Amino acid sequence: PLTLSGCWSEGRAETITERYVHLAETLPVRLQGSFELAREFAGEVRARQSSLLGFERGGQVEALLVNEGDRVEPGQLMARLDTRLLETELTRLEARRQELGTELALARRNLERVARLQDDNLASERERDELASRVGVLEASLQQVAANLQAVDVQLEQAELRAPFAARIASREIDSGVVVDAGTPVFRLVESGGLEVRAGLPLTVAAALKTGDLLAVRMDDELVEGRV
């Protein structure tokens, strides 16, 4: 019989590769009623309130007390109008109220005196009626002055621009010394704190949310909790 033999030219022995066996782990299957699926949606973070503020009445701007970038608290005075005419009117009305008060006190004393004299038949009914009418006119005049004083007080309040909520001044729309109409924007305020997230959600997802639900909100690398 013919026999053939040979060897590698480089003298290496043939390598036999072992059989690869893939190991797998078995797990028991449990039927669950539901499961959680995390989904992320893109949205926009913005301030809860952003407002353009102006005076309730027109006039010349006397002072601007805050500037862009400043933070203000609720009720803080931000600007005021020139109120010299209103202050003059206030002084005049106060003097008129004092004058009418003096006249009314005198008229009431005279009315009481005439009433006593009339009881002794020393004064006529006409004199008593005239004094009673005078007292009524003075009382009505005092009420009118009090109403005018209240109106001036309201106008003085309207000449001051105060912050309605805690905010940051985003922009100043006018300069000091200009004359503005009622409602002319003076500052634009952006509420500080209380941020809102607005995101577009599929109807099926939005319908499943309820007021008060807590959601995770990712802003940059920070994860915070938000409430619907």
Side-chain angles (χ1 to χ4, degrees), residues 49 51-68 70-189 191:
Q49 296 187 75
S51 304
L52 280 171
L53 294 184
F55 291 100
E56 295 184 56
R57 64 187 305 273
Q60 184 179 28
V61 179
E62 181 184 72
L64 298 171
L65 306 177
V66 292
N67 211 334
E68 293 183 12
D70 292 345
R71 294 190 178 276
V72 294
E73 298 300 323
Q76 180 176 337
L77 182 62
M78 299 186 298
R80 61 173 176 264
L81 298 175
D82 185 353
T83 58
R84 286 176 294 178
L85 289 178
L86 289 175
E87 291 168 359
T88 300
E89 178 66 8
L90 186 65
T91 302
R92 186 189 71 81
L93 289 172
E94 289 285 3
R96 179 58 177 162
R97 180 169 64 177
Q98 183 175 357
E99 178 185 1
L100 288 172
T102 301
E103 292 182 9
L104 179 60
L106 178 60
R108 285 172 174 169
R109 288 196 299 269
N110 289 336
L111 180 60
E112 292 174 358
R113 184 167 55 253
V114 168
R116 289 193 299 269
L117 292 174
Q118 190 179 21
D119 292 340
D120 297 331
N121 296 322
L122 298 177
S124 65
E125 187 73 23
R126 179 180 178 181
E127 290 179 302
R128 183 174 181 177
D129 290 344
E130 288 179 349
L131 285 173
S133 176
R134 175 63 176 166
V135 168
V137 170
L138 290 173
E139 289 175 343
S141 297
L142 270 176
Q143 292 178 357
Q144 181 63 45
V145 170
N148 291 338
L149 282 169
Q150 187 175 3
V152 172
D153 287 337
V154 171
Q155 293 179 65
L156 286 171
E157 290 179 4
Q158 293 175 343
E160 295 181 343
L161 188 59
R162 296 182 179 273
F165 49 81
R168 178 177 55 84
I169 306 297
S171 63
R172 190 187 73 186
E173 307 295 327
I174 63 170
D175 294 323
S176 180
V178 302
V179 177
V180 297
D181 295 326
T184 300
V186 179
F187 295 107
R188 184 165 69 88
L189 269 62
E191 184 180 14

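Scope of the values below: all heavy atoms of this structure, side chains included, with no hydrogens, waters or symmetry mates. Everything numeric in this text was worked out from a predicted model, so none of it was measured.
Qualifying side chain to side chain contact (heavy atoms under 4.5 Å, CB included) partners for Ala63, counting only residues two or more places apart in sequence or in other chains: Leu65, Arg80. With sequence neighbours left out, the side chain to side chain contact (heavy atoms under 4.5 Å, CB included) criterion links Leu111 to Arg128, Leu131, Ala132, Val135. Remark: Thr102 pairs with no residue by the side chain to side chain contact (heavy atoms under 4.5 Å, CB included) rule, at least two apart or across chains. Looking at residues two or more places apart in sequence or on another chain, you find a side chain to side chain contact (heavy atoms under 4.5 Å, CB included) between Asp70 and Val66, Asn67, Ile169. For Glu94, the salt bridge (Lys or Arg N to Asp or Glu O under 4.0 Å) test picks out Arg97, with sequence neighbours left out. Legend: residues meeting salt bridge (Lys or Arg N to Asp or Glu O under 4.0 Å) with Arg109, ordered by chain and number and at least two apart, are absent. Take Arg96 and apply the salt bridge (Lys or Arg N to Asp or Glu O under 4.0 Å) test, not counting sequence neighbours, and it matches Glu99. Evaluation of the side-chain hydrogen bond (donor to acceptor under 3.5 Å, both in side chains) rule for Glu130 yields Arg126 as partners, not counting sequence neighbours. Take Asp82 and apply the salt bridge (Lys or Arg N to Asp or Glu O under 4.0 Å) test, not counting sequence neighbours, and it matches Arg84.
Between Gln158 and Glu56, the shortest heavy-atom contact is NE2-OE1, 3.6 Å. Listed here is the closest heavy atom pair of Leu142 and Gly101: CD2-N, 4.0 Å. Of all the heavy atoms in Thr83 and Ala159, the pair that sits closest is CG2-CB, 3.4 Å. Nearest heavy-atom pair across Ala79 and Phe187 is CB-CE1, 4.0 Å. Taking every heavy atom of both residues into account, Gly54 and Val186 meet most closely at CA-CG2, 4.1 Å.
Sequence neighbours left out, the pairs with a member in residues 149-169 that pass salt bridge (charged side-chain N to carboxylate O under 4.0 Å, His left out) are Glu160-Arg162. Residue pairs that meet the salt bridge (charged side-chain N to carboxylate O under 4.0 Å, His left out) test with at least one member in residues 134-148, sequence neighbours left out, are Glu103-Arg134, Arg108-Glu139.
Leu86 places a side-chain heavy atom less than 4.5 Å from the side chain of Arg57. Counting only heavy atoms from C-beta outward, the side chains of Leu93 and Glu89 approach each other to under 4.5 Å.
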Identify each donor-acceptor pair in which a side-chain atom of residues 173-181 lies under 3.5 Å from a protein atom, sequence neighbours left out, and give them as a table.
{"residue": "Glu173", "atom": "OE2", "partner": "Ser171", "partner atom": "OG", "Å": "2.5"}
{"residue": "Asp175", "atom": "OD1", "partner": "Arg172", "partner atom": "NH2", "Å": "2.8"}
{"residue": "Ser176", "atom": "OG", "partner": "Glu62", "partner atom": "O", "Å": "3.3"}

